[in-house]
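Here the structure is laid out as structure tokens; the discussion comes afterwards.
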Amino acid sequence: MAPIATGNGHAAAHVNGNGNSNGHHAAAAALPAAPVNPTAARHEDAMSIKVSSPNVKYDDANITTKYSFQDTAVNVVRNADGTTEYQAQPVSSEYQFKTGRKVPKTGLMMIGWGGNNGTTLTASVLANRHNISWHNKEGVQTPNFYGSLVRASTIRLGHDAQTGKDVYVPFGSVLPTVHPNDLVLGGWDISGMTIDAATTRAKVLDYDLQRQLVSYTSSMKPLPSVYYPDFIAANQGERADNVLPGNDKQAHLEQLRADIRNFKAQNGLEQTIVVWTANTERYSQIIPGVNDTADNLMQAIKDSHAEVSPSTLFVVACILENAPYINGAPQNTFVPGCIELAERHRAFIGGDDLKTGQTRFKTALAEMLVNAGIKPLSIASYNHLGNNDGANLSVPQTFQSKELSKRGVVDDLVESNGLLYPRAGKKGLPGKEIDHCIVIKYLPAVGDGKVAMDDYYSELTLGGRNRIMVSNICEDSLLATPILMDLVLLAELMTRITYTDSQSGDADSYQTMYSIMSLLSFSLKAPLAKKGRDAVNAISRQRNGLANFMKALIGLPPNDDVAISDRIWA
């Protein structure tokens, strides 16, 4: 069966199983069209950024920039008398970046399309594309992309030449990016429910919005997915009525590859991004000779080895089909053999796990405390939720995957401050210097309205203590889906960026960026990092790193807060 997709661009159409457009019905009893929200408006069509610099060149195809990366190399010298000298030397590396200006027709395939996040993201795209207004108890609601870094936040471009005041521009306008309304949607699910029925099951959206979306979503049906019961909770079995037959993992891999090719061909796509938004899996065992190298992993798939998970099978299919893959759940999809395979094919992968409410707040608050010289002693995080994610996490195997991704978000803060945590990372001594407890409970009655409670217990000067207790009630999927969308839009952008460290700038010297998309870490709970490099979890560093890289691609210096003009008499 071929993928089902929405249309693309300003006019949308359903596509049936044979790829033939059959149109769509007008939404029943729709409210009058409201003004388009600024986060959904195509402001990139109404404004432009042009950098005037000898280091920046524009042509019809690309923006080409010469960029000097400034850093500091530090040589740490331990003297015989017990003192330490940090010998710091500024260093500079020269690069040329080339960013494609043409935004390709892009498809999004979701693994777990019929789940809470998949159906909510679909609704978000459709409601904004068709500017659907609806009623709830608060009154008339209009669609927007609130919660999206790309669509609803801004970047400081510089200062106004006349007034000296800061100038901010929409994040999504710094470089050409896919507008979410133009995404062609499709995907897989172990449940065969059509997306309208799955949306009702999810209980996330207001009824009036669901009602108006039915004419668009009733013909959307997920492709059969991979189902290996050992990797998720047994309580998911009742949903599994839309699965690939048999246990031949090589056959399953070939089917997934064919699904991706068919989806691209039927919809005339130039690029397809695949995201895992299905249930959290248990951790896969890392076994020498099975998943430790690319060749061993491919052989393990041929052998249908028990430790090849569904998510790893999907990412291998994406690597072989050159479709960027994002892991939106905490399991260890990217086993060592998978990473080696991505490197071999120069394919893009990113993960792990969406950084939404509780964890995003934790990375911000913990960073604030440590940077202020206050010493967190313990962080206790409790939450309960009643959606299907909560049901799946109610068993120890899948909960462990989530616990590990949530627990590690403060590790880099601990490692960064040897004054507060002098033992951190030292050989033979514990590296986890903050007592960090994670509890997740499944309470069906609360549905998608997750309740999170945190207790931050810190040490102050002269033995004092400080306690910050936070209660956070959030609608889980409405937080997650804009983040998922950001990952897709930025992943597509990454496919249009090439670089060279050759000063000649010959076309043959340009290459794609490294396979692991660390640029996505702002939106990820447990960011994957290049071997030998530490993951960055501090949220301000993640945001600044992303914004500064975007500015580098248009030949502008990074943001800083030196603010020389505020410090001098001139």
Side-chain angles (χ1 to χ4, degrees), residues 3-15 21 24-25 27 30 33-34 36-44 103-134 141-152 172 177-189 194-196 198-199 202 204-206 209-222 263 267 269 271-275 277 326 328 354 475 477-492 523:
I4 303 299
T6 67
N8 190 19
H10 300 277
H14 292 323
V15 178
S21 173
H24 59 76
H25 306 291
V36 175
N37 186 274
T39 62
R42 295 180 183 269
H43 43 69
E44 52 269 42
V103 176
K105 185 177 182 181
T106 302
L108 165 60
M109 298 190 79
M110 291 169 274
I111 306 158
W113 190 14
N116 284 32
N117 287 348
T119 55
T120 305
L121 191 149
T122 301
S124 178
V125 169
L126 292 174
N128 279 281
R129 179 185 294 167
H130 301 290
N131 199 24
I132 298 171
S133 298
W134 69 97
Q141 305 298 308
T142 56
N144 56 62
F145 288 118
Y146 292 162
S148 165
L149 173 76
V150 175
R151 297 303 310 178
T177 54
V178 177
H179 193 292
N181 287 359
D182 294 340
L183 289 170
V184 181
L185 304 177
W188 304 263
D189 202 286
T194 53
I195 297 303
D196 62 323
T199 302
V204 173
L205 304 179
D206 294 322
L209 177 58
Q210 290 187 48
R211 178 183 62 82
Q212 295 186 67
L213 290 172
V214 166
S215 59
Y216 304 107
T217 55
S218 59
S219 61
M220 296 179 177
K221 182 176 174 61
F263 182 71
N267 296 287
L269 300 176
Q271 185 60 261
T272 298
I273 314 295
V274 177
V275 297
T277 184
I326 299 163
L354 304 182
E475 294 178 272
S477 300
L478 296 175
L479 272 178
T481 51
I483 292 171
L484 192 63
M485 187 176 67
D486 283 338
L487 291 166
V488 172
L489 305 186
L490 291 172
E492 187 286 314
S523 300

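Going from atom CG of Leu149 over to atom OG of Ser523 covers 6.0 Å, rounded to the nearest 0.5 Å. Atoms CD and CG, from Glu492 and Leu490 in turn, are 9.5 Å apart once rounded to the nearest 0.5 Å. To the nearest 0.5 angstrom, Met109 atom CE is 3.5 Å from Trp188 atom CH2. Between Gln141 atom CD and Leu205 atom CG the span is 12.0 Å, to the nearest 0.5 Å. Leu121 contributes atom CG, which lies 6.0 Å from atom CG of Leu108 (distance to the nearest 0.5 angstrom).
No side-chain donor-acceptor contact under 3.5 Å links Asn144 to the backbone of Thr39. With Thr120 contributing its side chain and Gly118 its backbone, the two residues share no donor-acceptor pair below 3.5 Å. Within the 3.5 Å criterion, the main-chain N or O of Leu183 finds no donor-acceptor partner in the side chain of Lys105. At least one donor-acceptor pair closer than 3.5 Å links the side chain of His179 to the backbone N or O of Ala40. With Thr119 contributing its side chain and Thr199 its backbone, the two residues share no donor-acceptor pair below 3.5 Å. A donor-acceptor pair under 3.5 Å is absent between the side-chain atoms of Gln271 and the main chain of Thr106, judged by distance alone. In this structure a side-chain-to-backbone donor-acceptor pair under 3.5 Å is missing from Asn116 to Val204. Remark: side-chain polar atoms of Gln212 are paired, donor with acceptor, to backbone N or O of Ser133 under 3.5 angstrom. Asp486 contributes a side-chain N or O that, together with a main-chain N or O of Val150, makes up a donor-acceptor pair within less than 3.5 Å.
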*Please report the C-alpha distance between Arg211 and Leu209 in whole Å, then the side-chain angles of each, then the deciding distance to 0.1 Å, and finally whether the side-chain contact (heavy atoms from CB on, under 4.5 Å) criterion is met.*
CA-CA 5 Å; Arg211 178 183 62 82; Leu209 177 58; over 6 Å; no
*side-chain contact (heavy atoms from CB on, under 4.5 Å) assessment of Leu487 paired with Val275*: CA-CA 9 Å; Leu487 291 166; Val275 297; 5.7 Å; no
*Stepwise side-chain contact (heavy atoms from CB on, under 4.5 Å) test for Ile326 and Val274*: CA-CA 6 Å; Ile326 299 163; Val274 177; over 6 Å; no
*side-chain contact (heavy atoms from CB on, under 4.5 Å) evaluation trace for Tyr216 with Ile132*: CA-CA 12 Å; Tyr216 304 107; Ile132 298 171; 3.9 Å; yes
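Closest approach of Pro222 and Ile195 over heavy atoms only: CG-CD1, 4.1 Å. Nearest heavy atom pair, residue Ser477 against residue Asn117, reads OG-OD1, 3.4 Å. Across all non-hydrogen atoms, the minimal contact from Met220 to Leu126 is CE-CD1, 4.0 Å. The minimum heavy-atom distance between Asn181 and Val125, with the atom names listed, is OD1-O, 3.8 Å. Taking both residues in full, the closest heavy atoms of Ser148 and Pro482 are given as N-CB, 3.6 Å, listed atom of the first, atom of the second, then distance. Residues Arg151 and Phe145 approach most closely at CB-CB, 3.8 Å, considering heavy atoms.
Using modelled atom types, one finds a donor on one side chain and an acceptor on the other under 3.5 Å when comparing Tyr146 with Asn37. For Asp206 and Trp134, the side-chain atoms include at least one donor-acceptor pair closer than 3.5 Å.
Annotation: side chain of Met110 is in contact with side chain of Thr122 (closest heavy-atom distance under 4.5 Å). Here the side chains of Thr277 and Ile111 are not in contact, with every heavy-atom distance at 4.5 Å or above.
Checked against side-chain hydrogen bond (donor to acceptor under 3.5 Å, both in side chains), Thr142 has no partners two or more places apart in sequence or in another chain. In terms of the salt bridge (Lys or Arg N to Asp or Glu O under 4.0 Å) criterion, Glu475 has no residue partners (sequence neighbours excluded).
When Leu185, Asp196, Thr194 are each tested for a side chain to side chain contact (heavy atoms under 4.5 Å, CB included) with Thr217, only one passes: Asp196.
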